[in-house]
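Worksheet for the structure shown next.
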There are 2 protein chains.
Amino acid sequence: MNNNRDFIEKLRSSGLRPTKQRLEICKLLFDRKKTFHFTISDLSKILKKETIKKISLATIYNTVHSFKKKGYLKEISIDTEKTYFDTNTSNHHHFLDISTNELIDLKEDDVDNIKIKKNLPGKKIRSIEVLVKIENNN
Amino acid sequence: MNNNRDFIEKLRSSGLRPTKQRLEICKLLFDRKKTFHFTISDLSKILKKETIKKISLATIYNTVHSFKKKGYLKEISIDTEKTYFDTNTSNHHHFLDISTNELIDLKEDDVDNIKIKKNLPGKKIRSIEVLVKIENNN
DNA sequence: CAGTACTTTAGAATCATTATAAATTACATC
DNA sequence: GATGTAATTTATAATGATTCTAAAGTACTG
Ligand SMILES: [Mn+2]
Ligand SMILES: [Mn+2]
Ligand SMILES: [Zn+2]
Ligand SMILES: [Zn+2]
């Protein structure tokens with residue numbers, strides 16, 4: 001879906017030099033059909049497997065944080081034990097499967113419009129996000 | 001609303017000895033009208049102010065975790081920077097005021113019934129929780 | 001190519017949390 | 001009320017994820 005040229009462009013256009021390391025990480029994170037939810041540790045393990053030359057852990061942290069700062073990743077609070085990042089940076093809802101610990105995006109249409117009846121004077125709503133915990137049926 | 005006798009009973013009935021330290025912390029956490037959302041650091045600061053004899057940080061951690069295990073507290077994922085606990089242990093929704101960083105419980109009635117249209121085969125819903133971020137109006 | 005700012009890196013520092021193990025306390029039994 | 005035992009508290013050390021540092025390497029500009 002995305003090729004290297006696209007990523008080089010994407011990085012350059014946001015003032016980040018397209019280094020080998022950043023391009024590897026872009027390919028891994030953004031060259032997918034479905035949203036990717038990951039921890040630094042997940043990412044680190046995958047990179048270790050799939051990459052010829054080792055990328056240092058500091059670089060992985062640096063890259064993820066600069067991608068977050070540029071708006072290419074979103075940090076999400078799902079689990080108090082782990083810090084997750086999300087390649088879907090829009091406001092959106094999640095299924096969290098507590099049997100498998102898998103996190104799945106819900107589409108706009110998957111959740112009926114949510115109406116908040118309470119409102120606080122002087123305050124307006126910035127975002128609404130739903131976390132639906134699911135588990136095995138039996 | 002609650003007096004010491006109630007807390008002693010509550011602790012005993014769940015197999016926890018009613019120590020001075022636990023009773024202090026009970027009073028601080030549970031003797032309130034409104035839900036209390038806090039971090040260990042918040043709790044620690046308040047205890048430092050309001051308590052004659054110092055309660056060690058290890059005890060604060062131990063107590064909060066045993067209260068959580070007994071179901072008197074719930075750990076919530078709101079912010080990736082901080083770990084919050086909640087004296088409201090039911091499934092419920094929150095306002096997070098990003099102008100003041102204040103966390104407020106929403107009542108059942110404050111949010112219209114949420115309908116999840118998608119369902120995964122073999123999975124059932126365990127809980128649905130909404131986080132509504134609000135901010136100053138202007 | 002040369003100069004410069006940006007980036008990567010290994011390793012050190014930080015800090016929240018957990019573990020350890022000794023001293024203290026709660027409580028059952030006498 | 002004294003005694004024995006297990007639970008609890010405590011100071012302190014250990015852990016582990018994340019951030020910092022500063023030196024070496026790289027990308028880009030002219
Ligand atoms: Mn925890
Ligand atoms: Mn972070
Ligand atoms: Zn997502
Ligand atoms: Zn709450």
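Hydrogens, waters and symmetry mates play no part in the numbers below; they use all other heavy atoms, side chains included. A note on names: the letters A, B, ... follow the listed sequences, proteins ahead of strands, and every chain is numbered from 1.
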Reading DNA chain C from 5' onward, which residue's closest nucleotide shows up sooner: B/Ser41 or B/Pro18?
B/Ser41
Nearest-nucleotide comparison on DNA chain C, the residue closer to the 5′ end among A/Arg17 and A/Leu57
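Looking at the nearest nucleotide for each, A/Arg17 comes out on the 5' side.
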Check whether B/Phe95 forms a cation-pi arrangement with A/Lys118 (NZ or CZ under 6.0 Å from the six-membered ring centre, at most 45° off the ring normal).
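Output no; distance or angle outside limits.
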For [N], take OP1 and OP2 only and decide whether either is under 4.0 Å from a side-chain N or O of [X].
X: A/Thr59; N: C/dT7; value: no
X: A/Thr83; N: D/dA17; value: no
X: B/Lys53; N: D/dT10; value: yes
X: B/His65; N: C/dT17; value: no
X: A/Gln21; N: D/dT26; value: no
X: B/Thr19; N: C/dA26; value: no
X: A/Tyr61; N: D/dT19; value: no
X: A/Lys54; N: C/dT9; value: no
X: B/Arg22; N: D/dT8; value: yes

Nearest whole angstrom, please: distance from the [atom2] of [N] to the [atom1] of [X].
X: B/Leu23; N: D/dT9; atom1: CG; atom2: C1'; result: 14 Å
X: B/Glu24; N: D/dT10; atom1: CD; atom2: P; result: 11 Å
X: A/Ile8; N: D/dC28; atom1: CD1; atom2: P; result: 9 Å
X: A/Phe38; N: D/dA17; atom1: CZ; atom2: P; result: 17 Å
X: A/Arg12; N: C/dC6; atom1: CZ; atom2: C1'; result: 13 Å
X: A/Leu16; N: C/dT8; atom1: CG; atom2: C1'; result: 14 Å
X: B/Ile60; N: C/dT18; atom1: CD1; atom2: C1'; result: 15 Å
X: A/Lys82; N: D/dG16; atom1: NZ; atom2: P; result: 15 Å

Is there a donor-acceptor pair closer than 3.5 Å between any side-chain N or O of B/Ser44 and the backbone N or O of B/Ile40?
no
With no hydrogens and no angle check, is any side-chain donor or acceptor of A/Thr80 less than 3.5 Å from a backbone partner on B/Thr83?
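Side chain of A/Thr80 to backbone of B/Thr83: no pair is present.
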Applying a strict under-4.5 Å side-chain criterion to I, L, V, M, F, W and Y, I'd like to know whether B/Ile76 and B/Tyr72 cluster together.
no
Do B/Ile134 and A/Ile114 share a hydrophobic cluster, counting only Ile, Leu, Val, Met, Phe, Trp and Tyr and linking them when any side-chain heavy atoms are less than 4.5 Å apart?
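B/Ile134 and A/Ile114: one cluster.
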What nucleotide among C/dT17, C/dT7, C/dA10 has an atom nearest to a side-chain atom of A/Ser56?
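When the side chain of A/Ser56 is considered, C/dA10 is the closest of C/dT17, C/dT7, C/dA10.
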Take A/Asn62 and B/Ala58, find for each the nucleotide of DNA chain D with the closest heavy atom, and name the residue whose nucleotide sits nearer the 5' end.
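Result: B/Ala58.
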Taking B/Lys34 first and then B/Glu102, would you say they form a salt bridge - that is, a charged N and a carboxylate O separated by under 4.0 Å?
no
